[in-house]
Structure formats: C-alpha cells, structure tokens
Chemist: 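Supplied in structure tokens, the structure appears directly below.
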Amino acid sequence: MAAANYLQSEDQFLCSICLDVFKDPVTTSCGHNFCKNCITEHWNTNDQYLCPLCKEGFTTRPDLRVNTFISEIVSQFKQSGQQKAGSSSSEQQVSKPGEVHCDICTGTKLKAELGKTGAEIQQMIQKRRLKIQEVKHSVDLSEEDADREIAEGVQVFTSLKESVERGLNELINTIKEKQKTTEKQAEAFIKELEQEISELMKRSTEVEQVLRSEDQLHLLQSVQSLNIQKPPPTKDWTEVSVRPSSYEGTVVKAVVQLEETLSEEMKKLLEAELKRVQQYAVDVTLDPDTAHPNLILSDDGKQVNPGDVEKNLPDNPERFSECACVLGKQSFSSGRFYFEVQVKGKTRWELGVARESINRKGIVTLSPQYGYWTVVLRNGNEYYAAADPPVLLSLKSPQKVGVFVDYEEGLVSFYDVDAAALIYSFTGCSFTEKLFPFFHPSSDDSGKNSAPLIISPVRVN
C-alpha cells in the first residue's frame, strides 16, 4: 500500500516531456505543467507553439515563468524521498554479516525495490503513450496535407480539363466558321452563274425562233426589236475562283493559348506552394566561428560581405580556411525549415545547405557528393544547380532566393521569392547528419560584387 501511495504521489510531479520530476516547473495558459527547459526546447524544435498534451495552439510564444507553488511542493517531495532513501540506507547499515534478517524487514525492502521498479515501468508506459499520441498526431497532419493536396490537384486538373475542352471547341468552331465562309462564297458564285446561264438560255431560244422564220421582213424587225445580234452582258469569270480556307496555324494557336492557361495555373500553384513552405520559416544567423577570415559579418549576424583583408582569427576546426564561406549557427536534423536570402546587386554567389562533416580546411567542391546542395551565380547572369553533373538554369536575375528543406523527404528546393517561381529542386537526397545553412558571397571582384548576402525576414503575403 505504501508503494502504491508513493507511485501516485510521484506521478503528480512528473514532466510529461522528460518524464522526470519537475525542474523549474512552468504552467501554460491551458493549465498544463512542464519543466521550463523541456517546453522551451520543444518549442524551439517545432514549427508551432502547441501544448504537447492538449495540442492547444498559441499565436505567439508564451512568456513562461516558474510556478513557485508547484516548485515548492516538488522540493518538499524530493526532500521526503531523500529522507526515505536515507532511512533505508541506515537500515542497511545496521545489518551486519552473520545476522539473521527478519521477514518483515526483508519484505519492506523488497516492497521498496518493487516500488522503484513500478515507478520505472510507469515512466516507460507514459513515454510510450506520449509516443503513440505523437505518431497519431503525425498521421493526422499527414492526412490533412494529403487531403489538401488532393483537393488542389482535383481543382487544377479540372480547370485544365475544362480549358482543354474549351480550347478544342473553339478550335472546331473556328474551322467550321472558315468552312462556312467558303461555302457561302461558293454559293453566291453558283447563284450568279446560274442566273447568267438562265439569261443566256433565254437569248438562245429567241435566236433559234428568229432563225426559223422565213419572212425576211419579220426577221429584220425581230432582230431590231430584240437586239439579239449579240449575247446578253455577262461577267468575266476567267479570274474568279473559290479558294479553300487556310487552316494553317489554327491548331498551333489553340495549343499556344492552352499553354498560356497552363502557365497561369502553374503560377498559381507555385504561389500557393511558396506560401506553404514559408510557414516553416526559421530564424537563421551567421556563425562567426565558421566564417573565413576574409569575410565581414554584421553585428546582428544577418549580413556577410566579401572582404580583401584577412583578419587574424583562431583557426578553430569549424572555420573555413580556403574558401570564403560561412555557415548558419542553426542546425537541423529533422523536419522542415525555410529561410530567405537577398542576393540583389551581386554578380557571383553560392547559396544552400551543407552537412556537418564537410571539409572546411581545403578546397570546397560544391556537389551533393561532398555534402553541399546549392544554387550558384557566375558572371552576373549564369545560374546553375551544383548537382552531379551541374544543371544550367534559365533565370531572370532573382533578387531574393528562398531555401526550403524537408529532411525526411530528402528534398532541397530553391525559389525566386519575388516571382513566386521554383528555381530548382534536389530530390531523393539521403540526409543522415545535421544540415547547416551555407553562404558564399564570393570575392569582391574590384567592387563589382561588393553587395552583401542578407538573411531576410520572411513575409508571407
């Protein structure tokens, strides 16, 4: 019975994140308690500020303060536990080799050990229950994402299907209208020709009648009165013809219009996709301990300029020694993250992410094989993805580049933020280490490339 009371009391003072007795306990507005460090780390590594227990969301990060009442109770609980432990220890010290232990004492010690085992089992159960909640929550989020993607896909493909059907109908109607025009023109010519044939046949009959007359006076009078010595006036049909309608380019024009519609739909999709990945924005700052001595970092850690003078800095293992590069302070080993960098005014730069184990003391080779996933600008207008082999890109001088990573999916995507356009995606990557944001502003190039790389705040329109 004492062991049961002990378990019940201890459970009341366990943090549901670390599953240990509270340390600096804090209370959220939804009424749940956590260790201050546990809930802080939990929010640091997640995209939203949610209560781990009830999943209530907070629009801004709550200001946490230690709950002094619970803290005092926990302190008393710990003291009580220490006293019990001390008493048990004293009892053990009283025992001497060769003494016969009574069954009551042995049973008490056994109960204490079983109580400790029971507490450990309860912690293990609690951890697994929390893991079940986490897995179920992940499945729910995945289902929501899947439903959203399906809905958007149905909407887009339905729109495209309607556009194709509409374009086909317009194409058929255009061709039919041209054919009708040709038919109407032909009908008008035929009607006019038939009218002239009728007039000519009438004159032919009159001529034949006059020719059959044997009365010369009547012949003369008929010729003068009917004026049949010449054919009736008619149109010269020598140069008249019906030209078949030209359908050249009609289908091509319809396809071009469909392509424009598809481009518009693609733009809408990319705008929506960019807004979604921007929801995973993280606060990135430059790590001076990794910066090459030539680089000039701003005090707030948001800008890096190329420099010509090498500063006298400690050659620590993290620092780049040959290439003028710098990494972000923040590392990521799971989930999704996104950040934006202003590249305006530069003629050369390299930007992306790198794994932790990259070689920082020699020549940097940009490729996934060597731990880099980057996009590169050379000579002011030559863009390429540093893949294996490099991929040339057709871009219109992006001013701000967004970088998105889905660690588990093995995806690194680059976006032209202002144009809401996808620049390039590395897919099927296998990440096993921490990833760091990677920046290389390149050389000053006699002032032509003096503009900095600037980590910009993410603004979702």
Side-chain angles (χ1 to χ4, degrees), residues 284-333 337 339 341-393 401 403 405 412 414 423-424 426 429-455:
V284 173
T285 52
L286 302 170
D287 185 357
D289 290 338
T290 67
H292 186 275
N294 275 17
L295 296 179
I296 303 171
L297 274 58
S298 62
D299 293 337
D300 62 359
K302 296 293 185 179
Q303 300 186 29
V304 54
N305 288 75
D308 295 328
V309 179
E310 185 169 319
K311 297 183 289 294
N312 185 18
L313 297 174
D315 187 20
N316 49 286
E318 297 81 14
R319 191 179 308 282
F320 287 94
S321 63
E322 295 293 331
C323 186
C325 306
V326 61
L327 299 178
K329 280 185 179 180
Q330 295 72 20
S331 64
F332 305 90
S333 55
F337 63 94
F339 61 95
V341 181
Q342 179 178 306
V343 296
K344 181 179 180 180
K346 296 192 67 63
T347 59
R348 296 169 62 92
W349 50 259
E350 297 161 1
L351 182 64
V353 293
R355 67 188 179 205
E356 186 175 28
S357 63
I358 53 173
N359 179 21
R360 311 184 192 194
K361 299 303 179 183
I363 300 298
V364 170
T365 302
L366 295 181
S367 78
Q369 179 183 353
Y370 294 96
Y372 295 89
W373 292 265
T374 60
V375 166
V376 176
L377 168 64
R378 290 284 184 270
N379 302 320
N381 59 1
E382 298 175 4
Y383 297 89
Y384 65 89
D388 297 317
V391 178
L392 290 175
L393 305 172
V401 175
V403 183
V405 176
V412 182
F414 297 83
I423 294 175
Y424 185 80
F426 292 90
C429 308
S430 179
F431 300 130
T432 57
E433 303 178 22
K434 292 179 180 179
L435 296 179
F436 292 82
F438 171 81
F439 309 85
H440 182 206
S442 199
S443 62
D444 181 84
D445 194 17
S446 301
K448 296 178 183 178
N449 191 42
S450 61
L453 289 176
I454 304 175
I455 303 171

Chemist: Would you indicate whether the side-chain heavy atoms of Val309 and Lys311 approach each other to under 4.5 Å?
Modeler: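 Lys311 vs Val309: side chains apart.
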Chemist: Distance-only, no hydrogens or angles: does the Asn316 side chain make a donor-acceptor pair with backbone N or O of Asp289 under 3.5 Å?
Modeler: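 At least one qualifying donor-acceptor pair exists.
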Chemist: Contact between Trp349 and Val375 at the side-chain level, heavy atoms closer than 4.5 Å - yes or no?
Modeler: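 Trp349 vs Val375: side chains touch.
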Chemist: Under the side chain to side chain contact (heavy atoms under 4.5 Å, CB included) criterion, do Val403 and Phe414 qualify, and how do the steps go?
Modeler: CA-CA 5 Å; Val403 183; Phe414 297 83; 3.9 Å; yes
Chemist: In chain order, what residues pass the salt bridge (Lys or Arg N to Asp or Glu O under 4.0 Å) check against Asp388, with sequence neighbours excluded?
Modeler: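 If we apply the salt bridge (Lys or Arg N to Asp or Glu O under 4.0 Å) test to Asp388, skipping adjacent residues, there are no hits.
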Chemist: I'd like to check Val343 versus Leu377 (side-chain heavy atoms, cut-off strictly below 4.5 Å). Are they in contact?
Modeler: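 They are not in side-chain contact.
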Chemist: I need the Cys325 SG to Leu351 CG distance, nearest 0.5 Å.
Modeler: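 The CG atom of Leu351 is 11.5 Å from SG of Cys325, to the nearest 0.5 Å.
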Chemist: Asn305 and Ala451: which non-hydrogen atoms are nearest, and at how many Å?
Modeler: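 Heavy atoms of Asn305 and Ala451 come nearest at ND2-C, 4.2 Å.
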Chemist: Passes side chain to side chain contact (heavy atoms under 4.5 Å, CB included), Val412 versus Tyr424? Steps please.
Modeler: CA-CA 8 Å; Val412 182; Tyr424 185 80; over 6 Å; no
Chemist: Atom NZ of Lys329 and atom CZ of Phe436: how far apart are they, to the nearest 0.5 Å?
Modeler: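 Nearest 0.5 Å value for the NZ-CZ distance: 12.5 Å.
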Chemist: With a 4.5 Å limit on heavy-atom distance, are the side chains of Leu327 and Phe320 in contact?
Modeler: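 In contact.
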Chemist: Roughly how far, to the nearest 0.5 Å, is the CG atom of Asp308 from the OG atom of Ser446?
Modeler: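 Output value for this atom pair is 8.5 Å.
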Chemist: Please verify the inter-ring angle class for Phe439 with Phe339; under 30° counts as parallel, over 60° as perpendicular, anything in between as tilted.
Modeler: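 Tilted.
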Chemist: Are the side chains of Asp287 and Glu318 in contact, using a 4.5 Å heavy-atom criterion?
Modeler: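 The answer is no, as the side chains (C-beta and beyond) never meet within the 4.5 Å cut-off.
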Chemist: Roughly how far, to the nearest 0.5 Å, is CG of Leu286 from CG of Leu453?
Modeler: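 Here the interatomic distance stands at 9.0 Å.
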Chemist: What distance do His292 atom NE2 and Leu297 atom CG have between them, rounded to the nearest 0.5 Å?
Modeler: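 Going from the NE2 atom of His292 to the CG atom of Leu297 covers 12.5 Å.
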Chemist: Determine yes or no for a side-chain-to-main-chain donor-acceptor pair under 3.5 angstrom, with Gln330 supplying the side chain and Thr285 the backbone.
Modeler: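 The answer is yes, because a donor-acceptor pair under 3.5 Å joins these two groups.
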Chemist: One pair to check against side chain to side chain contact (heavy atoms under 4.5 Å, CB included): Tyr370 and Asn359. What are the steps and the verdict?
Modeler: CA-CA 8 Å; Tyr370 294 96; Asn359 179 21; over 6 Å; no
